[in-house]
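Here the structure is a predicted model, which means the values were calculated and not measured. By convention in this document, chain letters (A, B, ...) are assigned in the order of the sequence lines, proteins followed by strands, and residues within each chain are numbered from 1. Side chains are part of it too, since the values below use all heavy atoms of this structure and drop only hydrogens, waters and symmetry mates.
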Amino acid sequence: MISVQSKKRMDNIMTSLFLCGAGFAVVLLVAFVGFVIVEGFSGMTPEMLSFTGSGMGNMFFNTLYLVFLALIASTITGIPAGIYLAEYAKKGRITHWVRMAVETLASLPSIVVGLFGYLVFIVMTGSQWNLFAGSLAVSILTLPLVTSVTEDALRNLPDSYRQGSLGLGASHWQTIWRVLLPACFPRIMTGLIMAAGRGFGEAAALMFTAGMSTDINWSNWDITSTSCPLNPFRPGETLALHIWALRTEALHADAAQQAAASSAILMILVVSFSLAARYMSWRIDKKMGGNK
Amino acid sequence: AGCGGEQKSESSSNTAAVSGSITGSGSSALLPLVKDAAEKFKANNKDVTITLNAGGSGTGLKQVSDGSVDMGNSDVPAETKLDKAKAEKLVDHKVCVMTVATIVNKDVGVKNLTRQQLQDIFTAKVTNWKDVGGPDKPIVLVTRPKTSGTRALFKQYAINGAEEADNKSLETDNSGILIQSVAQNPGAIGYVALPYLINDKSVDVLSIDGVEPTLENTYSGKYAVWGYEHIYTSKEPKAAVKAFLEYIMGDEYGKRIEELGYGVSSKMQTKEVH
Amino acid sequence: MNAIEAAVSRAHRSEKAARTFITVCGIGMALVPFLIGAFLFIKGTDTFFLFGHGVGEFLFSGEWNPSDTAEGGGQVGAAKFMAGSLVTCLLALIITLPLSISSAIFMTEIASPRTRRLIQPAIELFTGIPSVVYGFVGMTVLIPFLRSIFPMPFGFSVLAAGIVLAIMIFPTITTMAADAMAAVPKAWREASYGLGATRWETIAHVVLPAAKGGIFTGIILGLARALGEALAVAMVIGQMKVFPTSLFLPASTLTTAISADMGGAMEGGEYSAALWTMALILFLLSFLFIFLIHQLNAASSLKGGK
Amino acid sequence: MAELTTTLSGYGAAQQKEASQDAAATRELEKESAKLTEATFDVTGLDLFYDQTQALKDISMKINKNEITAFIGPSGCGKSTFLKTLNRMNDWVEGCRITGKVLFEGKDIFKEVDPLALRYRVGMVFQQPTPFPKSVFENVAYGPRIQGINNKKQLEEIVEKSLRAAACWDEMKDRLHKSALGLSGGQQQRLCIARTLAANPSVILMDEPTSALDPISTQKIEDLALELKEKYTIVIVTHSMQQARRISDKTAFFLLGELIEYNNTVDMFTNPSNPKTEEYITGRFG
Amino acid sequence: MAELTTTLSGYGAAQQKEASQDAAATRELEKESAKLTEATFDVTGLDLFYDQTQALKDISMKINKNEITAFIGPSGCGKSTFLKTLNRMNDWVEGCRITGKVLFEGKDIFKEVDPLALRYRVGMVFQQPTPFPKSVFENVAYGPRIQGINNKKQLEEIVEKSLRAAACWDEMKDRLHKSALGLSGGQQQRLCIARTLAANPSVILMDEPTSALDPISTQKIEDLALELKEKYTIVIVTHSMQQARRISDKTAFFLLGELIEYNNTVDMFTNPSNPKTEEYITGRFG
Ligand SMILES: Nc1ncnc2c1ncn2[C@@H]1O[C@H](COP(=O)(O)OP(=O)(O)OP(=O)(O)O)[C@@H](O)[C@H]1O
Ligand SMILES: Nc1ncnc2c1ncn2[C@@H]1O[C@H](COP(=O)(O)OP(=O)(O)OP(=O)(O)O)[C@@H](O)[C@H]1O
Ligand SMILES: [Mg+2]
Ligand SMILES: [Mg+2]
Ligand SMILES: O=P([O-])([O-])[O-]
């Protein structure tokens with residue numbers, strides 16, 4: 001029979017092992033971020049941050065804009081798809097395959113998605129690289145995430161919400177729209193943040209869809225013109241792609257510093273976006289959830 | 001040289017007119033040059049938007065023949081990457097010359113190799129620097145992918161068409177990473193286009209058979225590892241594209257081409273077709 | 001018609017419209033992977049139908065020498081790349097699993113909920129970092145470091161790729177595992193404690209077994225991510241076209257091979273066809289993984305008798 | 001559907017800006033007269049299956065207007081299942097099959113009444129309080145909104161009236177726009193009753209509404225039920241014989257899906273006619 | 001800790017290959033003698049706080065060996081909280097603070113007894129059956145395994161003995177190696193009791209063990225409890241006064257964290273000394 005003491009010793013040993021594992025992982029991650037940010041800021045010049053041809057301002061803007069478009073695309077298709085799986089789909093073979101298909105989509109190599117996007121969004125539509133096509137390609141990558149987060153969120157809601165609403169004579173859709181979706185908003189938001197993260201970091205899928213250069217004119221607000229910053233049908237290089245280009249084939253003397261600075265900026269962008277979105281969903285959650 | 005002045009005035013005279021958009025894609029080796037040219041060109045043609053992509057020569061040629069871009073940039077003639085019917089529909093513009101230089105890690109100390117030695121090294125017949133007059137150090141081969149234009153030139157003109165030893169060499173997707181790899185790995189040898197070396201002093205450049213890879217030697221034909229860089233367009237390109245090609249091949253921009261490390265096509269004295 | 005009838009018929013109408021839209025979205029999105037699959041299938045089977053290679057050659061031969069022409073006639077044995085992909089993924093998994101599981105256990109079982117709320121978003125952040133950045137840090141920091149402590153000729157190696165991939169898939173596996181563990185009913189924990197079990201015993205005998213479905217899903221998704229990653233791996237693995245025989249030597253993977261040559265290969269040529277076949281293989285592997293998750297999940301829930 | 005729609009006209013009237021008091025008065029009258037003529041629910045030969053298992057066996061009973069009817073019986077005997085049948089909440093349960101007839105105010109609920117309209121008229125309160133994660137106001141306004149009322153003023157009126165009717169206006173009037181999830185269990189349950197009332201039903205079904213509550217909240221809900229039966233027909237499921245005794249007019253005893261006995265509460269508890277009923281109410285099992 | 005380890009020696013003895021009957025007999029003897037000298041639990045002046053709110057107020061009571069003690073009282077009165085205090089399951093609740101003294105077999109459970117060892121001796125059965133997602137066998141073997149018994153033969157013996165003791169050996173002997181989650185609710189609950197017995201406790205705490213079960217399963221568990229009290233001390237929380245009456249020797253009535261009355265069950269139900277107790281057991285509230 002094991003003595004209580006030896007059990008406790010074992011417990012302590014394992015607890016410290018987990019602590020070490022988790023600690024090591026955290027240190028590693030912090031060191032990683034630290035390295036990228038220090039590296040980036042040490043070689044940064046104000047000119048690099050400018051919104052001109054040589055600065056990364058335009059890429060910064062493109063990144064935000066593309067992720068924004070991609071989020072819209074995956075929101076208006078991914079959330080309905082999630083609702084379909086959670087609420088409308090009948091249990092059975094077809095749903096099973098739909099779900100597997102969705103998950104396969106999530107694990108597709110992005111380079112494959114990029115080539116597919118090129119074929120469908122560029123060649124088949126007869127257009128040239130543009131942010132919109134890029135955002136669609138990114139949304140192929142993020143759709144599964146949004147869909148499955150929505151589905152899970154809906155499934156995990158207490159059944160009482162559904163019962164309460166249906167019992168009042170609400171139709172299924174009224175229940176979904178007025179009760180269920182608002183109730184799982186924070187979780188869907190988390191899904192969207194993660195989707196955005198994927199968009200911020202994506203490069204391979206954009207090479208053939210969004211293009212690798214940016215030519216915009218900040219005084220041109222004619223939305224149909226290809227140099228208008230807000231025109232989604234213009235080519236635009238994102239920060240991640242810019243970093244890739246700088247690391248691989250740039251000729252300027254300061255390409256390496258620029259790449260490092262871009263990496264740091266992108267990292268900060270990802271972090272602050274995620275913090276802001278979390279703060280927002282926390283606020284909404286608090287408003288709805290009362291003082292739980 | 002005399003006609004240079006004429007061309008100059010010609011090119012500046014047609015700057016005012018053009019507007020519209022230009023797109024191009026393809027060779028990563030050519031991209032920095034075209035990007036640079038685009039920036040300069042836009043200084044005089046505010047209404048033009050120019051969008052450029054890398055992707056590789058094969059991609060550029062495919063896209064220009066698909067019609068999804070206006071200019072397909074390539075390290076190699078279109079015939080090698082497209083079927084005949086498609087290639088014939090395109091027009092070739094030899095915009096510049098790219099010289100490929102052999103580079104080694106700084107600690108190797110070797111400054112010159114014969115073509116035979118190079119071939120032996122890249123086919124892994126020779127695996128230690130001491131066999132070619134260097135220190136006792138294993139040779140680390142760093143190459144480019146098989147479909148790379150740079151590699152094609154190097155294979156054909158530097159190592160007599162011999163097949164590189166794929167299973168003994170590190171491969172890098174692009175020239176930027178190749179330089180870093182050579183700079184980092186003791187005993188490493190590789191090759192990149194001259195432009196990548198203009199700003200980079202982290203590696204040593206080798207002469208082949210005593211001839212340094214410089215533009216002068218390329219123009220004169222003494223240094224053999226070079227090739228034309230092509231921009232392919234359709235037979236009837238847009239006005240803006242036409243103007244841009246004229247600009248990039250003009251004398252005024254020629255100076256800039258040399259600054260960047262490429263050779264100007266019109267200065268080539270040999271009549272070889274690379 | 002009075003107000004109530006109007007409300008009812010309005011409700012029925014909106015129900016019908018919403019259901020149609022949502023079903024279309026659901027089915028539509030399910031079609032996307034099939035479209036991609038079909039696209040890859042069309043492109044990827046040229047190797048066999050157009051250039052007359054055998055499936056066996058492609059899967060099991062190590063002779064890789066496709067010709068970059070429309071005539072073909074080269075050799076398309078992709079076994080090296082498949083082996084490279086599998087070995088690096090497995091290695092990444094072996095490296096990341098202890099860390100992920102520890103972190104997940106720490107977050108759900110040891111740390112306070114507040115700490116967990118702090119750590120989890122931080123971990124999720126790492127999915128948003130471009131793979132180039134991972135690759136670059138790997139190349140500038142990891143490779144010199146490895147070279148200095150292990151006897152390896154290049155630094156570029158299977159090991160380096162494994163480590164970089166491990167870091168990249170860490171967030172996926174950790175988050176999934178933590179979610180699965182958090183979902184284990186409190187009642188089971190209480191029952192275990194009530195029998196005099198320590199925390200470790202409860203974790204080992206109750207929490208982990210109960211969460212293993214979710215952990216497994218995380219592992220498979222992580223693996224799929226690792227399998228599909230190209231840029232970061234390309235920068236550290238050395239891309240030598242050999243079988244992965246040693247941790248300390250370079251190798252190639254399916255993705256690195258595709259991304260290295262896809263752009264330069266001749267459209268419609270044998271080389272590009274072979275690359276597309278590799279993309280098809282990647283797709284099929286991802287699908288196989290997902291299929292496996294579902295089989296396993298189904299099996300384990302059957303066991304539960306529910 | 002003529003009759004149904006007449007009694008449903010409460011809101012129609014309100015929208016036509018008639019004084020709501022008038023509407024209430026009308027309804028009152030209608031009810032009075034209806035009471036004389038017919039039961040609210042008239043169930044005959046109801047069988048209910050969950051896939052293969054039969055959960056209700058040949059149930060026939062009438063439920064009277066403006067009375068409280070209690071369902072008692074041991075766990076799993078089908079009380080909740082039967083309750084849910086009355087407003088067709090079973091529609092949402094996969095594999096649930098029903099035969100037999102249920103008349104609501106004379107109309108067959110499976111054939112002649114739209115389920116949504118039925119549920120407007122037959123409200124439901126559950127065992128666990130089920131407030132939505134919205135403000136108190138939005139919770140109560142939910143039913144009216146579903147029924148197409150969006151006028152702010154009108155909604156405010158309905159909310160206040162319903163909260164007052166559910167005896168929680170005073171507690172909640174200062175926190176109308178705060179989340180309902182912050183309320184205590186008892187408050188939440190009364191809020192749910194208010195929410196049901198706001199939808200303007202004529203019947204309220206309650207499934208063990210107090211079993212999750214402390215005794216003081218339970219007391220309040222029971223008082224409320226007694227008050228509400230003036231205007232509404234109430235059916236309540238309870239596991240507490242004491243509760244059934246305290247508040248109901250009629251009691252139905254279920255066992256294993258069968259309706260064993262259905263009688264006036266007083267008679268049933270003083271003089272059960274079935275030995276099983278006696279065993280159960282004297283606490284020999286369950 | 002000498003005494004605790006002596007009484008814990010049941011398994012030690014088994015490992016030394018003594019006949020298990022001997023060990024049981026020894027334990028029996030030990031218990032007999034202990035019964036004369038002291039109560040199993042002796043609680044004095046127990047206060048318990050969840051953060052700021054006080055959930056138990058100055059509780060003092062003795063719980064006797066080989067008796068069934070029932071805790072009754074309305075929801076939220078602190079029954080479960082008190083039960084959990086007895087085997088220190090409250091240790092796991094954040095913000096839970098306890099003052100006062102609880103003696104288990106004469107030792108202060110907060111100072112002199114290790115909580116793990118305490119829980120070996122004081123087993124617990126919950127309201128919802130909580131079988132682990134493992135086979136029936138592994139569920140029952142869980143406690144012994146935790147205590148370091150890994151010998152297959154010995155485990156099999158213990159499992160069989162425990163399942164027999166929990167009156168479910170016959171039902172389960174053919175499905176020992178199938179998942180326990182496939183059992184019915186009543187079977188699951190008896191399995192949980194068997195699991196508790198297998199850990200060789202002397203006290204079993206049961207928190208509303210039948211409230212999720214149908215009447216037939218409830219009956220079985222009640223019979224089981226009556227059987228088990230021969231060997232074990234049982235404390236049972238129940239919301240059913242009938243149940244308390246049917247099976248317990250002593251009943252404790254809690255209200256809002258206070259122990260209102262504690263007496264022999266018969267006395268309490270026939271002649272409650274506190275008016276509140278009377279109100280509660282006659283069903284005037286709760
Ligand atoms: N959705 C369902 N699918 C299958 N069987 C069900 C379903 N809901 C209930 N049952 C079964 O139908 C029977 C009656 O269940 P019901 O919930 O009506 O009992 P109840 O009398 O309300 O019990 P309780 O007092 O526990 O609430 C039970 O045997 C139950 O297991
Ligand atoms: N973990 C906790 N944190 C804070 N308060 C708690 C906690 N657990 C219980 N309480 C509170 O302590 C009081 C007593 O709870 P307890 O669960 O002991 O009641 P109970 O008598 O078992 O009720 P029931 O019959 O509903 O099970 C209640 O007011 C409850 O809200
Ligand atoms: Mg029920
Ligand atoms: Mg309790
Ligand atoms: O220019 P390349 O990338 O084809 O060498």
Participant: Top residue by heavy-atom pair count (under 4.5 Å) with chain C, among Gln174(A), Glu202(A), His172(A)?
Facilitator: His172(A)
Participant: Going from CG on Leu288(C) to OG1 on Thr104(A), what distance comes out if it is rounded to the nearest 0.5 angstrom?
Facilitator: 10.0 Å
Participant: Out of Thr255(C), Leu231(C), Ile110(C), which one racks up the most heavy-atom pairs below 4.5 Å with chain A?
Facilitator: Leu231(C)
Participant: What part of Val8(C) lies closer than 4.5 angstrom to a heavy atom of chain A: side chain, backbone, both or neither?
Facilitator: neither
Participant: Using side chain to side chain contact (heavy atoms under 4.5 Å, CB included), reason through Leu105(A) and Ile36(C) one step at a time and then give a plain yes or no.
Facilitator: CA-CA 9 Å; Leu105(A) 209 50; Ile36(C) 295 181; 4.0 Å; yes
Participant: Is Met100(A) close to Ile290(C) at the side-chain level, that is, under 4.5 Å between some pair of heavy atoms?
Facilitator: yes
Participant: Would you say that Ile27(C) contacts Tyr84(A) through its side chain, given a criterion of any heavy-atom pair below 4.5 Å between the two side chains?
Facilitator: yes
Participant: For the candidates Ala224(C), Pro33(C), Ala18(C), Ser259(C), which exhibits the highest count of non-hydrogen atom pairs separated by less than 4.5 Å from chain A?
Facilitator: Pro33(C)
Participant: Contact part of Val36(A) toward chain C, heavy-atom cut-off under 4.5 Å: side chain, backbone, both or neither?
Facilitator: side chain
Participant: Of the backbone (N, CA, C, O) and the side chain (C-beta and beyond), which part of Glu87(A) lies under 4.5 Å from a heavy atom of chain C, both, or neither?
Facilitator: neither
Participant: Nearest heavy-atom pair of Gly21(A) and Ser102(C): which atoms, and what distance?
Facilitator: CA-CB, 3.8 Å
Participant: For residues Pro130(C) and Leu266(A), determine if any side-chain heavy atom of one lies less than 4.5 Å from a side-chain heavy atom of the other.
Facilitator: yes
Participant: Given heavy-atom pairs under 4.5 angstrom as the criterion, report whether the side chain, backbone, both or neither of Leu239(A) touches chain C.
Facilitator: neither
Participant: In terms of heavy-atom pairs under 4.5 Å with chain A, which of Phe291(C), Phe287(C), Phe21(C) leads?
Facilitator: Phe287(C)
Participant: If I measure from the heavy atoms of chain C, does Phe200(A) come under 4.5 Å with its side chain, its backbone, both, or neither?
Facilitator: both
Participant: Can you tell which part of Leu40(C) gets under 4.5 Å to a heavy atom of chain A, answering side chain, backbone, both or neither?
Facilitator: side chain
Participant: Which one wins on heavy-atom pair count under 4.5 Å against chain C: Ser263(A), Ala81(A), Ala259(A)?
Facilitator: Ala81(A)
Participant: Between Leu269(A) and chain C, with a heavy-atom cut-off of 4.5 Å, which part of the residue counts as in contact: side chain, backbone, both or neither?
Facilitator: neither
Participant: Any side-chain heavy atom of Trp173(A) within less than 4.5 Å of one from Arg19(C)?
Facilitator: no
Participant: What's the spacing between Ile22(C) CD1 and Ile176(A) CD1 if we round to 0.5 Å?
Facilitator: 5.5 Å
Participant: If you look at every heavy atom in Ala240(A) and Val132(C), which pair is closest and at what distance?
Facilitator: O-CG2, 4.0 Å
Participant: Quick one: side chain to side chain donor-acceptor pair (under 3.5 Å) pairs with a partner in residues 166-176 of chain C, sequence neighbours left out?
Facilitator: Ser100(C)-Thr174(C)
Participant: Evaluate the side-chain proximity of Phe170(C) to Leu29(A): yes if any heavy-atom separation is below 4.5 Å, no if none is.
Facilitator: yes
Participant: Under the criterion side chain to side chain contact (heavy atoms under 4.5 Å, CB included), which of His12(C), Glu15(C), Lys16(C) is the partner of Ser171(A)?
Facilitator: Glu15(C)
Participant: Here's a test for you: under ring pair (Phe, Tyr, Trp, His ring centres under 6.0 Å), which of Phe39(C), Phe283(C), Phe34(C), Phe41(C) qualifies with Phe116(A)?
Facilitator: Phe39(C)
Participant: Using a cut-off of under 4.5 Å on heavy-atom pairs, state which of Val112(A), Leu115(A), Val113(A) scores highest against chain C.
Facilitator: Leu115(A)
Participant: When rounded to the nearest 0.5 angstrom, what is the spacing between OG in Ser139(A) and CE in Met29(C)?
Facilitator: 9.0 Å
Participant: Is there a side-chain contact between Ile243(A) and Phe136(C) (heavy atoms, below 4.5 Å)?
Facilitator: no
Participant: Rounded to the nearest 0.5 Å, what separates atom CZ in Phe32(A) from atom OH in Tyr134(C)?
Facilitator: 5.0 Å
Participant: Select one option (side chain, backbone, both, neither) describing which atoms of Thr147(A) are under 4.5 Å from chain C's heavy atoms.
Facilitator: side chain
Participant: In terms of heavy-atom pairs under 4.5 Å, which option from Leu28(A), Leu119(A), Leu17(A) contacts chain C the most?
Facilitator: Leu119(A)
Participant: Using side chain to side chain contact (heavy atoms under 4.5 Å, CB included), reason through Phe35(A) and Thr140(C) one step at a time and then give a plain yes or no.
Facilitator: CA-CA 11 Å; Phe35(A) 175 80; Thr140(C) 51; 4.1 Å; yes
Participant: If I take atom CD from residue Glu109(C) and atom OG1 from residue Thr15(A), how far apart are they, to the nearest 0.5 angstrom?
Facilitator: 10.5 Å
Participant: Any side-chain heavy atom of Glu201(C) sitting closer than 4.5 Å to one from Asp11(A)?
Facilitator: no
Participant: Step by step, would you call Met10(A) with Thr198(C) a side chain to side chain contact (heavy atoms under 4.5 Å, CB included)?
Facilitator: CA-CA 9 Å; Met10(A) 188 63 187; Thr198(C) 59; over 6 Å; no
Participant: With chain C, which of Pro80(A), Pro144(A), Ala260(A) has the greatest number of heavy-atom pairs at distances under 4.5 Å?
Facilitator: Pro80(A)
Participant: What's the separation between atom CE in Met262(C) and atom CE in Met207(A), rounded to the nearest 0.5 Å?
Facilitator: 12.5 Å
Participant: I'd like to know which of Arg199(C), Lys43(C), Met235(C), Arg225(C) tops the heavy-atom pair count under 4.5 Å against chain A.
Facilitator: Arg199(C)
Participant: For the interface with chain A, which of Ser103(C), Ala7(C), Ser14(C), Ala30(C) has the highest count of heavy-atom pairs at distances below 4.5 Å?
Facilitator: Ser103(C)
Participant: Over all heavy atoms of both residues, which pair between Lys7(A) and Gly196(C) is shortest? Give the atoms and the distance, please.
Facilitator: NZ-O, 3.2 Å
Participant: So what's closer than 4.5 Å to chain A heavy atoms on Leu31(C): side chain, backbone, both or neither?
Facilitator: neither
